[in-house]
Amino acid sequence: MTERDRDFRAEARPGARETEGALSRIRLRDRDAELRSAEAAVDKLCRDFAAGGTEIGELLTFSGRPGIGKTSLLHEVRRIAKLREGATVLFARGGERQFNEPYHVLRQLLQPVLGAMEPDEFSQVMGTWEEVVGPAMGLKQPRKGARRLDPQGVRDGLDFVLTQLAPRRAPLVMIVDDLHWADLESLGWLAQFAVRARELPVLLVFAYRDDSADWQQETQEHQRAVAGLATRRHELSRLSLVAVTDMIRAELGDKAEDAFCYEFWNVVNGNPFEVVALLDQVRDQELEPVEENSQQLRELAVDATGMTLKSWLDRLGAATLRFAWAAAMLGTDIRPDLATRISAQTAEGARESVKELRKQRVLTATPNGNLEFVHPLIASSIYNTMPEATRTGMHGVAAAEIENAGLGLLAASRHLVETFAGEGDDRTVRKLRRAASEHLLIGAPEAAQRCLHRALAEPPDDQDRAEVLYELGCSALLTDPAATVNQLRLALDPEEGPLRPSMRIDATFRLSEVLAHSGELRQAAVVCQEEAEKTTGDPEGRLRLEAASFMWHAYRKSEEDGPARSARLGALCESLTGREAADRAVLALRAWDLTLRGEPSAEVLRHADDVLDNGRLPKGLGWTDNTWGFELPATLGLSYTYSDRIAQAERLFSDAIVQFEVAGWSGAHRGFAYFLMGLARFRRGLLAEAEDFLRRALRLSERISARLPLAWDAVGVLIDTLIARGRSQEAWELAIDFGFHPPYHPTAMVLPDAASLYGKLLLAVGRPAGAAAALTEAGAQLDVRGWHNTVWAPWAGHLAIALAQDEPERARAYARRSVVDAERFGTASAIGTALRLHAQIEDGQQAVELLERAVAHLGQSPAGYEHAVALVDLGAALRRVGRLEDAQEYLYQGIELAQHCAADGLVDRARRELANYGLRPNRLGDARETLSQPEWDIAELAVRGVPPQRIADHLALPLSLVNRRLAAVYRKAGSGPDGLAAALGLPPAQRDGSDPLDGPGGPGGPDSLGEGFSLGR
Ligand SMILES: Nc1ncnc2c1ncn2[C@@H]1O[C@H](COP(=O)(O)OP(=O)(O)O)[C@@H](O)[C@H]1O
Ligand SMILES: [Mg+2]
C-alpha cells in the first residue's frame, strides 16, 4: 500500500459517517414481538458463535409504510447488538437522493471497518481483490492505467472480502435502513449476499418500505428476493388505540379524554410518525385534549407529504427554506458547510436557519456534527416543493461546491446530471466525461452512462460528439452488448460528426468484438475489412483491423473463401518486417490458421514462439489489453494446446485467470479463461479437473445470460469430457438440454468442431447411422474450408467407425485418410489417436500393429487419456490374438493411467476385459503403486506393529502428520491396521512383545529394514 492509499483510507475512517444517536431512545409501543425477535436473533448469533458455530447467519427484516417505526426498531437492534461483547455492528442507510450514487450504501457499511484496519490485515482481507474492491469501496485509488472494472468483479470481490471479514469480526451484525433507496450497485450485491450470509457468522438486518410500486423494477425484484430469504420477517402494523392513547397521555397528561384520543388515533391511522407530528401541533396550538376539540384534530393534521411550497414558506421563511432545500439536495449525513454554500447564506444566516429548522423539527444534529432530516418524508416533501429552475440551478451549484470542497467528481456527478441541459457548455461536457471514466474505474457503468447521456444532451461541440458516443459505447462493453453496438455505430456514422482517426480504429475494433460475441461473426469481419480499406496513413491501425478481420473469419463456422483467405494471411505474414504488437498478432492468427488447416505443427509452433517473449505474452498483447482483446492470446494458447505444447498453453491460461481476477473482469472473461483451462486439462487427460473448470465456465456464463457462445463452447468440451469419463448418457442429456445438435450455434468460437463432436457423441450412445450422416456433413464443410486438423475435428476417424459395419471399404479409406492428415500435422497425439481409431475397424494382427504404433506415439505425447484408451485397446486386441500375458500387462497399465485420468468408464472396460477372460482385474498389490514414498516409510513401520507415536519419534515427524499419512495408507490399501500387511503384500508382523524397532535391522532409518521389506519400487 502506498502513502497515498493510506491517506486516502484515513479519510474514509469511521466517525466521518457515524450518525448513531440521531434518535434518542424512545419507548417503542406495540413492538414487543419485533423486539423479542431481534433480541433472540442477536442472542442466537452470539451464542452459536461462542459455541464454535460458523454457518449461523440469519436475515431479519422489518417492512412497512413510512413512519410506521422501522428506523426506530433498527436503532433498538443496534443498541442491543452493541451491548454484546465482541460483536461488530455495521450500519448504513439508503437515501432517496443518493439512489444514483454507486456503492453509496456499501461504502457506509464497510468503510468504517475496512478503513480502520492495519495494512497487514487489510491486505489479507482483500486478498487478490484489493485493486477491485478497494476503488469501488472508496478505500483506494484505482490502479494507474486502469480503464474499467467489471461490476460482476466487484460483486465477486465483495463476496471474498466478506467471507474473510465475517469470521474476523464475528459475530457480525450488518444493518441497512431504507433498503428501498439503496443504490442498485449495493442492493444487487446485498440481495445476492443474503443467500450466502447463512454460511457465515452474520446477522443481516434490513428495513424497507413496502408501500410503493414506484420503486424501479430492479429494486422491487431485489426487495422481493430479500423478503423471500428472511429467516425472521416482520411486517409492521399500525399502533393500537391503547398505545396511541398512552402516547398522548404521556405527552399531554391524563386529562386527555378518551373520545379525543379515539379521534386522534383515527386521524393518524395508528401511524407513530403522525402521532408524534400531530402531538407537536396540539402542543404548539395549545389545544385542550377534550372531546369538543376532537373536530379540530383533522385540520391540524397536515400530512407532511401534502405540504405545499406555500405552507413551507409560511412556516420557515424564504432564507430558511432555501437552506432546507440545499440540505434536501444533499440527502443524508448533510455537511452544514456545504449546505450553507449551496444556499448562498452567510455563516450567521446559516446558523439561524439551522436553529429554526431544528426548532421546527425538520432537521436534527448527528454526533459527528452533521445534519439529518428528522424523517425522510420531510426531506422528500421539501425537495419536491422546489421550483424546477431553482432545483436544476441549485444542483449546478451543489456540483461546483462539492468539487471545491475536494470531494471529487464522483460525488459531484450525481448533481451534474440533474443540471439543466441545453447550454452547450464545453466545461460541463468535459466534467461529465471525466466523471464517466471515474465511474468505470469503480465498476459502475450505469452511472457512467448517465453522465455520458447527460453530456450528449448538453450538447457537446460538433467535433466532440462522436467521441462522446464512442465513450458511451465503450462504457457498456462489459454489460450491455446491444446498446454498445448501437452507440458505436452512431459514433462511426459520419453524420454524427468526425471521430479522430485513432478512435475510429478502436471504435471499429470494439464494434467488431461485440458483434462477434453476439453471434455476428461475418458482420464483425466485414466491419473491420471495410474500415481497414478506408484507413490510410496509419499502417499499424490498418494492420490491426485487417488482422481482426482474419480473426473473425477464422472463428466462422462456414466460409466461402477459406483457402484463399488463408493464403492471403500467409502472404501478409511473409511481408511482416517488425516485431510490434500488430505484427505478432498477425503471427498468432497465422499459427491458429495453420493449426486448423492441419499444416505441420512445427510451422505452427515456429509462428507461435515468435509471438511470445521468453514464453510470456509480449507487451500489447496481454489478456487484459484493450487494443487486441483477449481473443488473440486465446488463439495463441489454443494453437499450443493442439500442438501438444499443453504446458505452455496452461501457463498462458492460468495467467488469464489471475489477470482477469485482478482486473475484476469476472464475467464472460473469467468464464472464458476457465473454459480454455478446461480444454487444456481435457487434452492432457486430467478429466476430473477438466470437468470442474468447464462447469465453472458454464456457471459463470449462465449467470450473465442464458446461452452465450461461451456456454456453448463449454458444453461442447464438457460433452467430450463426459464421454471420456464413461458418462455418455449424461453427455447426451446435456447435449439435448443445450440444443447441441445441427444446426449448430453460429458463434461458438473455438470449440472442437461441433459437427465432429456431435457425430462422436452419437457413436458413443450407439447411433452409428445418425453419426455417419453428421460426420459426413462435417467433413464436407471442413474440406471446403481446407481445415484438416484431425485433433480439432476428428470426424474422419469416427466416420470410419460409424461406417465399419455397412461399408468397410469406405470406412477404411476414411481411417487411412485420417492417419495421413494426422501425420501431416505431425504431433504425437494426433498420429497416435488417428492410428487408434483406425485400429478400431481392423481385426487381428493388423489391429495389434496399429495399436502398438498408436501406443508408441501416444507415449510421447501429453494426451494422457488418449494414451490410456490406446493401452486398453491394445490389451484387448492382444487378448483377441491370444497373447494373454502381454494383454494383461497393457490392460494393467491402461487401468492405472485411466485411473489417473479419472476415466471411470475406461477403467471399467479394462477390468471387464480382464475378468471375462479369467485374468485378475486387479494387479497384485495394486495399492502399493499408489502409495507415495513417505507413506511407504510409515506403512512399513505400521505393519511391523510400531505405534504412531513411536513412528513419529523414529522419523522425526509430528504425530499429526504421521496420523494423516497413516489414514491415507489405510484408504489406499483398502484395509485397516489388521489386514495392512496382506494388502500391501508384506510379511506380517511378529508380535512377540519385543520392540519392533529393535528388530533385525536395528534402529535406524527405514532403509535399515530387513530384506523382507524390499519393495521393488
Ligand atoms: N412503536 C413506536 N412507539 C412509539 N413511537 C414510535 C414507534 N415507532 C416509531 N415511533 C416514532 O415515530 C416516528 C417515525 O418512526 P420511524 O422509525 O422513523 O419510522 P419509519 O422508519 O418506519 O419511517 C419516530 O419519531 C419515532 O419516534
Ligand atoms: Mg425510516
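When a ligand or atom number is given, it counts from 1 through the structure's own listing order. One-based numbering along the sequence shown.
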Exercise for the section: Say whether Arg27 and ligand 1 are in contact under the criterion: heavy-atom distance to a ligand atom below 4.0 Å. Expected result: yes
Completion exercise
Note: ligand 1 atoms sitting under 4.0 Å from heavy atoms of His375 are 18 (O), 19 (O), 20 (P), 23 (O)
Exercise for the section: Decide whether the shortest distance between a heavy atom of Met247 and an atom of ligand 1 is less than 4.0 Å. Expected result: yes
Fill in the blank from the handout: Closest heavy-atom pair, Ile56 versus Leu45, reported as atoms and distance to 0.1 Å, is CD1-O, 3.7 Å
Completion exercise
Per-atom filter on ligand 1: closer than 4.0 angstrom to a heavy atom of Arg31 are 1 (N)
Handout entry: Polar contact flag, side-chain donor to acceptor under 3.5 angstrom, Gln108-His104
Key = yes
Exercise for the section: Report yes or no: does Pro66 have a heavy atom closer than 4.0 Å to ligand 1? Expected result: yes
Handout entry: Sub-4.0 Å heavy-atom contact, Ile68 with ligand 1
Key = yes
Exercise for the section: Could you verify whether a donor N or O on one side chain and an acceptor N or O on the other, from Thr332 and Arg97, lie under 3.5 Å apart? Expected result: no
Problem - Proximity to ligand 1 by part of Lys70, non-hydrogen separation under 4.0 Å - result: both
Exercise for the section: Check ligand 1 against Thr71 and write out every atom of the ligand that is under 4.0 Å from a heavy-atom position of the residue. Expected result: 17 (O), 18 (O), 20 (P), 21 (O)
Exercise for the section: Please say whether more than 12 non-hydrogen atoms of neighbouring residues, nucleotides or ligands are located less than 6.0 Å from CZ in Phe160. Expected result: yes
Handout entry: Metal site the Mg ion (ligand 2), protein N/O/S atoms found under 2.8 Å
Key = 1
Handout entry: Close N or O approach (Ile26, ligand 1; < 3.5 Å)
Key = no
Handout entry: Shortest heavy-atom approach to atom 15 (O) of ligand 1 - which of Ser72, Pro272, Gly64, Ala207
Key = Ser72
Problem - Step-by-step side chain to side chain donor-acceptor pair (under 3.5 Å) determination, Ser186 to Asp183 - result: CA-CA 6 Å; Ser186 296; Asp183 59 284; 2.8 Å; yes
Practice task
Enumerate the residue pairs fulfilling salt bridge (charged side-chain N to carboxylate O under 4.0 Å, His left out) with a member in residues 58-72, sequence neighbours excluded, ordered by first and then second residue.
Solution key: Glu58-Arg232
Exercise for the section: Show your reasoning for whether side chain to side chain donor-acceptor pair (under 3.5 Å) applies to Ser381 and Trp312. Expected result: CA-CA 9 Å; Ser381 162; Trp312 279 119; 2.8 Å; yes
Distance-only check: which donor-acceptor pairs under 3.5 Å involve side-chain atoms of residues 163-174, not counting sequence neighbours?
from, atom 1, to, atom 2, distance (Å)
Thr163, OG1, Asp159, O, 2.5
Thr163, OG1, Arg196, NH2, 2.7
Arg168, NE, Gln164, O, 3.4
Arg168, NH1, Gln124, OE1, 3.3
Arg168, NH2, Gln124, OE1, 3.3
Arg169, NH1, Glu121, OE2, 3.1
Arg169, NH2, Glu121, OE1, 3.0

Exercise for the section: Could you tell me whether Leu28 and ligand 1 have an N or O pair separated by under 3.5 Å? Expected result: no
Problem - Enclosure of Glu291 CD (heavy-atom neighbours >12, cutoff 6.0 Å) - result: no
Handout entry: Asn271 and Arg238: side chain donor to acceptor below 3.5 Å
Key = no
Show me, pair by pair, the donor-acceptor contacts under 3.5 angstrom made by side chains of residues 353-362, not counting sequence neighbours?
from, atom 1, to, atom 2, distance (Å)
Ser353, OG, Gln345, OE1, 3.2
Ser353, OG, Gln345, NE2, 3.4
Ser353, OG, Gly349, O, 3.2
Glu356, OE2, Gln360, NE2, 3.1
Gln360, OE1, Arg315, NE, 2.8
Arg361, NE, Asp280, OD2, 2.6

